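First listed ligand is number 1; within each ligand, the first listed atom is number 1. These figures come from a predicted structure and were not determined experimentally. We use all heavy atoms of the structure for the numbers below, so side chains are in, but hydrogens, waters and symmetry mates are not.
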Amino acid sequence: MCGIVGAVAERNVQGILLEGLRRLEYRGYDSAGMAVLSADARLNRQRTMGKVAALDARLKEGPLNGSVGIAHTRWATHGRPSEGNAHPHQSGDSLAVVHNGIIENFESLKAELEGQGYVFTSETDTEVVAHLLAREFTRHRDLLMAVQRVLAMLDGAYALGVVHKDEPGVVIGARKGSPLVVGVGIEEAFLASDPLALLQVTDRFIYLKEGDVVRLSQKGTVEIFDHRGAMAERPVQVFEHGDGAASKGEYRHFMLKEIHEQPQVIAATLEGRLSERGVLVKSFGANAEVLFSRAKQVHIVACGTSYHAGMVARYWLERYAGLPTQVEVASEYRYRQVVVPEGTLFVTLSQSGETADTLAALRFAQHSGYLGSLAICNVPGSSLVRESDLTLMTQAGPEIGVASTKAFTTQLTALLLFTLALGKQRGMEEARQTAIITALRGLPTLLSQVLALDGQIETLSAAFAEKHHALFLGRGAHFPIALEGALKLKEISYIHAEAYPAGELKHGPLALVDSEMPVISVAPNDELLDKLKSNLQEVRARGGELFVFADEQVAINAEEGVHILRLPHVDEALTPILYTLPLQLLSYHVAVLKGTDVDQPRNLAKSVTVE
Ligand code: G6P
């Protein structure tokens with residue numbers, strides 16, 4: 001999704017802005033651009049379709065020199081991907097703006113501006129902001145005031161970066177509904193939609209609050225104004241994760257690197273949260289003990305892969321903690337008439353903490369009579385974290401591949417901790433708790449063993465490269481794992497994949513099974529195994545080729561058309577985590593064989609900050 005970088009520096013900013021855009025590439029985008037104020041206060045701009053590398057090539061032909069500038073990667077919402085629709089947008093040659101989000105009332109504003117003689121050159125909603133700002137600047141001759149006036153006219157969600165040639169040492173930023181951070185440098189100040197974009201220049205950040213407007217000016221001056229226009233103080237926070245995440249290291253793709261990081265990041269997610277006697281409830285926040293003890297049910301809301309983590313948690317929470325649990329995608333939940341039973345805890349799951357629908361769901365829930373809210377999230381300082389009553393941070397570190405991998409399994413780990421914390425208060429058998437905790441401690445080692453099967457999974461992947469469809473089957477808590485497996489395959493290899501609870505096979509999808517439809521299943525050694533085996537027989541009987549990831553103790557044999565990969569045995573509470581890894585690796589290798597853009601699949605964005 002769109003990315004913003006801005007800088008007021010003591011040096012030429014072109015390189016800083018370009019590197020910032022490169023670091024935002026993982027978010028997914030279709031065009032890029034940059035505007036820089038030159039020493040003689042002229043506004044110069046370059047924009048290109050396609051990758052940041054194309055912008056880099058353009059800048060080699062026509063460099064932009066100056067110590068103040070803004071830059072952007074665009075993911076099309078209003079208007080197709082094109083150079084003319086790429087940001088920054090200008091009003092004449094005096095002002096440029098970059099924008100993330102959507103201006104919902106842009107049509108009426110555009111009509112008003114056209115009536116006043118402004119000429120539009122793009123199909124975007126952003127261009128209205130450029131002309132409105134130019135108009136207000138002409139009236140007030142003050143860029144900060146112009147921005148504040150314009151914000152009052154806008155409906156929707158935005159993060160903005162603005163420069164004007166008549167205030168040559170200034171970048172103004174503003175946020176409402178889309179993330180924006182200030183990077184604090186030495187006598188320099190920066191702006192970005194994601195701190196990762198600025199780690200090459202600083203590790204100190206100010207996370208702007210909703211409605212904040214910031215003025216960056218020379219010598220690193222940062223002035224913040226809240227939604228009422230009053231000067232505001234915001235703390236400077238040091239970014240916790242090192243810069244290593246921004247490089248692929250020895251791996252060919254970020255996705256592969258992130259798959260292989262899972263043993264360490266799961267260990268990190270457990271660290272400091274377990275004592276001899278169980279989960280430390282305080283890890284969720286000072287008030288967790290009280291809120292958890294009052295919880296009578298749980299509502300979980302999330303999007304995409306995070307939603308699948310929530311679906312697994314439902315099985316865990318009902319089984320181990322005896323708590324009725326509902327799970328829903330945020331885009332549905334937020335527009336529904338929801339009945340909230342007394343004593344319901346609201347839980348959001350999000351890698352980024354900025355997904356527009358999940359954030360809107362939280363804000364809706366805050367007025368809907370819930371007991372309180374818990375966010376399980378991977379990005380410290382994100383909107384979701386700041387606005388929730390309780391938080392549990394997953395420790396996945398920055399995830400760059402658009403297709404979520406380590407974020408998912410750390411969410412599952414965090415959700416199991418959550419389940420154990422609630423279970424403990426509800427009389428979950430102590431021996432069972434202890435067994436799960438012991439198994440959790442041993443999980444990273446088992447995951448490393450699964451990752452060592454990479455070569456065998458790569459071999460299996462060859463069977464998929466020419467296929468157009470695939471079916472994933474699972475039962476119980478592994479049905480969401482099948483859903484996640486299918487999502488990974490479609491996201492990065494563009495093969496149409498569906499997932500079904502194996503018991504539903506005969507109610508429709510069996511009609512699709514033939515030799516062209518590979519069927520993938522996970523088969524842990526659990527109470528549903530015999531039922532699953534019968535379902536697999538149904539597939540074989542119709543000529544479907546089976547790929548089964550099975551527990552090493554399961555009696556199921558490879559034969560013509562049946563490929564078996566054995567996985568180490570693990571406590572059944574943890575099988576959803578363990579069985580996710582081979583499915584991630586399978587999708588990865590199929591995508592590599594197909595030659596797709598693994599880390600930045602077409603049309604997708606890492607962090608969906610618009611509705
Ligand atoms: C996008 C990403 C997915 C992610 C989903 C929810 O669609 O491509 O990988 O699962 O957003 O994101 P969140 O940051 O809220 O987990």
Whether His299 and Tyr370 hold their rings parallel, tilted or perpendicular, with breakpoints at 30° and 60°:
perpendicular
Does atom NZ of Lys490 have more than 12 heavy-atom neighbours from other groups under 6.0 Å away?
yes
Closest to atom 13 (P) of ligand 1 by heavy-atom distance, out of Thr355, Thr348, Leu349, is Thr355
ring-ring contact (aromatic ring centres under 6.0 Å, His included), paired with Phe106, selected from His78, His99, His89:
His78
Between atom CG of Asp194 and atom CZ of Phe205, what is the distance when rounded to the nearest 0.5 Å?
8.5 Å
Looking only at protein heavy atoms, which one is nearest to atom 11 (O) of ligand 1, and what is the separation?
Lys606 O, 3.9 Å
Relative to the heavy atoms of Val608, which atoms of ligand 1 are at a distance of less than 4.0 Å?
1 (C), 7 (O)
Evaluation steps, salt bridge (charged side-chain N to carboxylate O under 4.0 Å, His left out), between Glu83 and Arg74
CA-CA 10 Å; Glu83 193 168 311; Arg74 173 173 188 257; over 6 Å; no
Please report whether ligand 1 has a polar contact with Thr358, defined as an N or O pair separated by less than 3.5 Å (distance criterion only).
no
Answer yes or no for Cys303: is there a heavy-atom contact with ligand 1 below 4.0 Å?
yes
Answer side chain, backbone, both or neither: which part of Ser607 comes under 4.0 Å from ligand 1, heavy atoms only.
neither
Ligand 1 atoms in contact with Ser306 (distance to a heavy atom under 4.0 Å)
10 (O), 13 (P), 16 (O)
Please state whether the rings of Tyr333 and Phe346 are parallel, tilted or perpendicular, taking 30° and 60° as the class boundaries.
tilted
Could you tell me whether ligand 1 has any atom less than 4.0 Å away from a heavy atom of Leu604?
no
Numbered atoms of ligand 1 (with element) below 4.0 Å of Ser404, judged on heavy atoms
9 (O)
Top protein contact for atom 10 (O) of ligand 1, by heavy-atom distance:
Thr305 N, 3.0 Å
So is there a nitrogen or oxygen of Ser350 less than 3.5 Å from a nitrogen or oxygen in ligand 1?
yes
Whether Ala605 lies under 4.0 Å from ligand 1, heavy atom:
yes
If you take the centroid of each ring, where Trp contributes its six-membered ring, are Phe472 and Tyr500 closer together than 6.0 Å?
no
Below 4.0 Å, non-hydrogen atoms only: which portion of Val402 touches ligand 1? Side chain, backbone, both or neither.
both
His308 and Phe408: aromatic ring centres closer than 6.0 Å?
no
Counting the benzene-type ring for Trp, do Phe464 and Phe547 have ring centres under 6.0 Å apart?
yes
Which segment of Glu354 sits under 4.0 Å of ligand 1 when only heavy atoms are counted
neither
